[in-house]
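Bear in mind the structure is a predicted one, so any value in this text is a computation, not a measurement. Side-chain atoms are counted along with the backbone in the values below, which use heavy atoms only and exclude waters and symmetry mates.
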Amino acid sequence: QVQFVESGGGLVQPGDSLRVSCTVSGFIFKIYNMGWYRQAPGKQRELVAQIFTSGSTDYLDSVKGRFTISRDNAQNTVYLQMNSLKPEDTAVYYCNRPSIPRSWGQGTQVIVSS
């Protein structure tokens with residue numbers, strides 16, 4: 001059974017940093033590209049960052065230079081380091097496989113507010 005378990009969210013102030021994690025099970029992690037998504041209230045879910053099996057990465061323009069995605073294939077875990085957070089980064093953050101996004105986890109809430 002495919003599962004995604006996100007953690008590490010919280011309430012932070014603008015300019016702060018936060019790292020969220022996602023541990024997966026039920027499939028061979030190392031052969032899939034992985035992505036972090038977010039969904040803000042009243043908005044559609046969007047792909048924020050992805051990391052390919054090669055280790056290369058790609059980012060949404062609005063987070064380039066602030067967010068860094070990484071993966072640990074030995075731990076079946078993907079991370080998202082978020083720096084210089086802004087109020088518009090407030091959302092529930094999810095991880096999934098961009099090629100076949102399904103079986104969504106519960107996500108982890110990130111709130112950026114002063």
Side-chain angles (χ1 to χ4, degrees):
Q1 182 180 359
V2 173
Q3 284 190 320
F4 302 91
V5 180
E6 298 91 351
S7 63
L11 171 62
V12 297
Q13 294 188 338
D16 283 353
S17 297
L18 198 62
R19 188 178 81 157
V20 292
S21 304
C22 174
T23 300
V24 313
S25 59
F27 63 93
I28 304 173
F29 178 76
K30 65 180 181 181
I31 69 172
Y32 284 94
N33 302 332
M34 292 298 300
W36 276 99
Y37 299 76
R38 68 185 180 189
Q39 187 166 21
K43 295 188 177 181
Q44 289 192 332
R45 189 174 292 164
E46 61 181 353
L47 179 61
V48 174
Q50 59 179 316
I51 183 165
F52 301 93
T53 55
S54 63
S56 60
T57 57
D58 193 26
Y59 298 92
L60 189 67
D61 283 348
S62 60
V63 307
K64 281 182 181 176
R66 300 188 298 120
F67 289 13
T68 303
I69 188 172
S70 60
R71 64 191 298 162
D72 183 339
N73 289 339
Q75 298 295 324
N76 286 1
T77 300
V78 58
Y79 304 96
L80 186 67
Q81 175 67 42
M82 302 181 287
N83 298 330
S84 302
L85 281 161
K86 303 177 180 181
E88 51 263 43
D89 297 318
T90 294
V92 180
Y93 284 73
Y94 304 86
C95 72
N96 216 304
R97 296 174 288 183
S99 58
I100 42 172
R102 59 184 181 213
S103 303
W104 294 91
Q106 82 288 350
T108 187
Q109 176 81 60
V110 174
I111 300 174
V112 185
S113 175
S114 55

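In this structure, the side chains of I111 and V12 stay at 4.5 Å or more apart for every pair of heavy atoms.
Using a 3.5 Å distance cut-off with no hydrogens or angles, the side chains of T23 and N76 do not pair a donor with an acceptor.
Between atom OG1 of residue T77 and atom CE of residue M34 there is a gap of 9.5 Å, rounded to the nearest 0.5 Å. Note that the CD1 atom of I51 and the CG atom of D58 stand 11.5 Å from one another [nearest 0.5 Å]. Separating the CD atom in Q50 from the CZ atom in R71 is a distance of 11.0 Å, to the nearest 0.5 Å. Between the OG1 atom in T90 and the CG atom in L11 there is a gap of 8.5 Å [rounded to 0.5 Å]. Interatomic distance, CD of E88 versus OG of S62, reported as 8.0 Å (0.5 Å rounding). Between the CD atom of Q81 and the CG atom of L18 there is a distance of 8.0 Å, given to the nearest 0.5 Å.
The shortest non-hydrogen separation linking I69 to G35 is CD1-CA, 4.4 Å. Residues S84 and S17 share a closest heavy-atom pair of N-OG, 4.3 Å. Nearest heavy atoms, S54 versus S56: OG-OG, 3.0 Å. Between S114 and P14, the shortest heavy-atom distance links the atoms N-CD, 3.7 Å. Contact record, C95 with V24: SG-CG1, 4.3 Å, taken as the closest heavy-atom pair.
In the hydrophobic cluster analysis, where Ile, Leu, Val, Met, Phe, Trp and Tyr join through side-chain heavy atoms closer than 4.5 angstrom, V78 is grouped apart from F52. No chain of hydrophobic side-chain contacts below 4.5 Å, direct or via other Ile, Leu, Val, Met, Phe, Trp or Tyr residues, connects V5 to Y79.
Residue-environment remark: CD1 (I100) exceeds the threshold of 12 foreign heavy atoms within 6.0 Å.
The hydrophobic cluster containing W104 also includes Y37, L47, V92, Y94, under a criterion of side-chain heavy atoms closer than 4.5 Å among ILVMFWY residues, counted directly or through chains of members.
Aromatic pair F67/Y59: ring centres not closer than 6.0 Å.
Using bins of under 30°, 30° to 60° and over 60° for the plane-to-plane angle, the ring pair Y32/F27 lands in the perpendicular bin.
Remark: K43 pairs with A40 by the side-chain contact (heavy atoms from CB on, under 4.5 Å) rule, at least two apart or across chains. For the side-chain contact (heavy atoms from CB on, under 4.5 Å) test, residues two or more places apart in sequence or in another chain that qualify with T108 are E6, V20, Y93.
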Legend entry - Intermediate values then yes/no, side-chain contact (heavy atoms from CB on, under 4.5 Å), D16 and V112: CA-CA 8 Å; D16 283 353; V112 185; over 6 Å; no
Inset, instruction - Walk me through it: do L80 and T68 pass the test side-chain contact (heavy atoms from CB on, under 4.5 Å)? - result: CA-CA 6 Å; L80 186 67; T68 303; over 6 Å; no
Inset, instruction - Decide side-chain contact (heavy atoms from CB on, under 4.5 Å) for E46 and R38; before the verdict, give the C-alpha distance in whole Å, the side-chain angles of both, and the deciding distance to 0.1 Å. - result: CA-CA 6 Å; E46 61 181 353; R38 68 185 180 189; 2.9 Å; yes
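Between K86 and D89 there is no salt bridge, since no side-chain nitrogen of the basic residue lies less than 4.0 Å from a carboxylate oxygen of the acidic one.
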